[in-house]
Q: 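Quick one: the structure is below, and I'll ask about it shortly.
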Amino acid sequence: MIPDLLVVGAGLAGGLLALEAADSGAKVCIISTAPMATPISYGGVQLAALEQWQRLEKRHGFLGLEPAELLLYWLEDQKPNIPPGAQRLDPSQWRGLEPLLVDAPLGGVVAMPYARVDPLVLTENLTKALAVAGVQQRNLLLQGLLLEEGVVRGCKTKAGEEILAQHTVLAAGAATAPLLASIGCSLPLLDCSWAALLQLEAGLLDNFFCGQASDQPKAIVMPMELKRMERERSTSGAQLICDGGIAPWGKAKVFGQASFFGEPIGQIDKPNPAVMRAGLKEAAKSLLPQQLWPSLAELPMALQPVAFSRDGLALVGPISRFKGLSVFTAFSAAFSLVPGLATVLAAAILDPKRSMEALSNLELLPERLPAI
């Protein structure tokens, strides 16, 4: 039997969409096509999305949700635009919440109510939840989409197998654009960059903390103003952008991120890892303790392509030029947005009468997805 829904991409977006559709009674197949950016995400969850994650865990078991603090910092030469509801901290408070900030020359730090989903736990447990929900899971290399008389029928693998479905959703991050190109389609708002994080291994942190790194408070540290987000909205600018941040990562932590933007727009060739590491090492000097600096040259570095939208809003909904095809990608603050949007998109696909109304209410209009 042909599935009701084929989801391409088995990361956060594709996985939660597949769960929502399966919970509604749909027969779903999900394809993992390439390494996803989900495992190297910070996993931050705004409190407005907390209920959605609690709903998911009540239905599907533990997915990694846990309390956390969000610490937003600025440097001494910067003037902060402090968001409403933020609590300004003194140095002893912020160093207590994140001891790695002990030597950081910061102008100040505020704390915001927050939570997080451990990306490593999610990656493992989401696979189990999909299996229990009856979602068919496959790991395949795709050649492109199957198009017949203006209708997308599914996709074709590099081995020549045709995977058919009533509706196909591309939730494949940076792999979305090449799949669209296979049927002569492009979305002007869809672009991609490369993201890099340094993995601060548990052993290194144990030595620094003189104990178990996993016993430290769970805090996500980010700059008040993300240079990456400003660069994503511009058609030109520096190719390498570094935003110093720290986040828990299993029993260890990650530092980053460095973002590499292609020239021309849309270029996704892998950048020189040495360039990315050099950028991260330089950014670390304004945040990490000096005694950790010599280790940065040898630490593992995760490097993955990520999708983003030129107007800062997620790309969610049907592609008007083709029947049977939607996109679900290019999220900013994905762990806060995806759970709610997955519910809306699944309902819109399975009940087309609700499609335009549901998506219009979110201002994620299909009109933003002109296919050229």
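The residues of the chain are indexed from 1 along the displayed sequence.
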Q: Any donor-acceptor pair under 3.5 Å linking the side chain of Glu57 with the backbone of Gly64?
A: yes

Q: Determine, stepwise, if the pair Leu299 / Glu201 fulfils side chain to side chain contact (heavy atoms under 4.5 Å, CB included).
A: CA-CA 8 Å; Leu299 291 177; Glu201 296 172 305; 3.9 Å; yes

Q: Mind checking the CG-CZ spacing from Leu147 to Phe322? Nearest 0.5 Å is all I need.
A: 5.5 Å

Q: State whether a side-chain donor-acceptor pair under 3.5 Å links Arg228 with Ser193.
A: no

Q: Do you know which two heavy atoms are closest between Ala129 and Leu19, and how far apart they sit?
A: O-CD2, 3.8 Å

Q: Examine distances only and state if a side-chain atom of Trp194 and a backbone atom of Asp269 form a donor-acceptor pair shorter than 3.5 Å.
A: yes

Q: Heavy atoms, side chains only, cut-off 4.5 Å: are Cys155 and Leu140 in contact?
A: no

Q: Would you check if Leu189 and Leu313 make a side-chain contact, meaning some heavy-atom pair closer than 4.5 Å?
A: no

Q: Using modelled atom types only, decide if a donor and an acceptor are shared between the side chain of Trp293 and the backbone of Leu288 within a distance under 3.5 Å.
A: yes

Q: Please check if the side chain of Ser182 supplies one atom and the backbone of Leu145 the other of a donor-acceptor pair under 3.5 Å.
A: yes

Q: Can you name the closest pair of heavy atoms from Arg277 and Pro300 and give their distance?
A: NH2-C, 4.4 Å

Q: Under the salt bridge (charged side-chain N to carboxylate O under 4.0 Å, His left out) criterion, do Glu230 and Arg233 qualify, and how do the steps go?
A: CA-CA 6 Å; Glu230 181 180 351; Arg233 289 159 177 74; over 6 Å; no

Q: Heavy-atom count around Glu66 CD within 6.0 Å, excluding the residue itself: above 12?
A: yes

Q: Identify the heavy atoms of Ala131 and Gln137 that sit nearest to each other, and give their distance.
A: N-NE2, 3.3 Å

Q: When you compare the side chain of Pro83 with that of Met224, does any pair of heavy atoms fall below 4.5 Å?
A: yes

Q: Okay, side chain of Gln78, backbone of Leu75: is any donor-acceptor separation there less than 3.5 Å?
A: yes

Q: Would you indicate whether the side-chain heavy atoms of Leu89 and Leu97 approach each other to under 4.5 Å?
A: yes

Q: Do Phe308 and Met229 have side chains that approach each other closer than 4.5 Å (heavy atoms only, starting at C-beta)?
A: no

Q: Taking Ser236's backbone N and O only, do any of them form a donor-acceptor pair with Ser234's side chain (distance below 3.5 Å, no angle check)?
A: yes

Q: Do Val110 and Ile220 belong together in a cluster built from hydrophobic side chains that touch within less than 4.5 Å?
A: yes

Q: Please tell me if the side chains of Thr123 and Thr127 come closer than 4.5 Å, counting only heavy atoms from C-beta onward.
A: no

Q: Can you tell whether the side chains of Glu20 and Arg55 come within less than 4.0 Å, N to carboxylate O?
A: yes

Q: As a quick check of understanding, evaluate side chain to side chain contact (heavy atoms under 4.5 Å, CB included) for Met112 and Met222, giving each step before the final call.
A: CA-CA 11 Å; Met112 294 285 292; Met222 296 175 60; over 6 Å; no

Q: Return the orientation label for the Trp53 and Phe335 ring planes: parallel under 30°, perpendicular over 60°, tilted otherwise.
A: parallel

Q: Can Phe260 and Lys270 be said to form a side chain to side chain contact (heavy atoms under 4.5 Å, CB included), step by step?
A: CA-CA 9 Å; Phe260 187 86; Lys270 187 175 182 178; over 6 Å; no

Q: How far apart are the closest heavy atoms of Leu303 and Pro271, and which atoms are they?
A: CD2-O, 4.2 Å

Q: Check step by step if side chain to side chain contact (heavy atoms under 4.5 Å, CB included) holds for Leu101 and Ile246.
A: CA-CA 10 Å; Leu101 299 178; Ile246 304 169; 4.2 Å; yes

Q: What's the separation between atom NZ in Lys156 and atom CD in Glu162, rounded to the nearest 0.5 Å?
A: 6.0 Å

Q: For atom CG of Asn272, is the number of surrounding heavy atoms from other residues, nucleotides or ligands below 6.0 Å larger than 12?
A: yes

Q: When clusters are formed by joining ILVMFWY residues with side-chain heavy atoms under 4.5 Å apart, either directly or through shared neighbours, do Leu65 and Val338 land in the same one?
A: yes

Q: Does the side chain of Val109 reach to within under 4.5 Å of the side chain of Val221, using non-hydrogen atoms?
A: no

Q: To the nearest 0.5 Å, what is the distance between CZ (Phe255) and CG (Leu292)?
A: 10.5 Å

Q: For Cys192 and Ala174, work out which heavy atoms get closest and say how close.
A: CB-CB, 4.1 Å

Q: Measuring from Leu56:CG to Glu51:CD, what's the distance to the nearest 0.5 Å?
A: 11.0 Å

Q: Determine, using the 4.5 Å side-chain heavy-atom cutoff (strictly less than), whether Leu126 and Val169 are members of one ILVMFWY cluster.
A: yes

Q: On a heavy-atom basis, which atom in Leu287 and which in Gly245 lie closest, and how many Å separate them?
A: CD2-N, 3.9 Å

Q: Do Asp4 side-chain atoms and Lys27 backbone N/O form a donor-acceptor pair below 3.5 Å?
A: yes

Q: Taking Leu205 as the starting point, is it possible to reach Leu71 by hopping between hydrophobic residues whose side chains are less than 4.5 Å apart?
A: yes

Q: Answer with yes or no whether the hydrophobic clustering places Leu5 together with Leu341; edges join I, L, V, M, F, W, Y residues whose side-chain heavy atoms lie under 4.5 Å apart.
A: yes

Q: Tell me whether Gln93 contacts the main-chain N or O of Asp90 through its side chain, where contact means a donor paired with an acceptor under 3.5 Å.
A: yes

Q: Can a donor-acceptor pair be found, under 3.5 Å and without considering hydrogens, that links the side chain of Glu98 to the backbone of Leu100?
A: yes

Q: Are Arg116 and Tyr42 close enough that some pair of their side-chain heavy atoms sits under 4.5 Å apart?
A: no

Q: If you measure from CG on Leu325 to CG on Leu146, what distance do you get to the nearest 0.5 Å?
A: 11.5 Å

Q: With rounding to the nearest 0.5 Å, note down the distance linking CG in Leu170 to SG in Cys185.
A: 9.0 Å

Q: Keeping Thr157 on the side-chain end and Ala159 on the backbone end, is there a donor-acceptor pair under 3.5 Å?
A: yes

Q: Please check if any side-chain donor atom of His60 sits under 3.5 Å from a side-chain acceptor atom of Asn125, or the reverse.
A: no

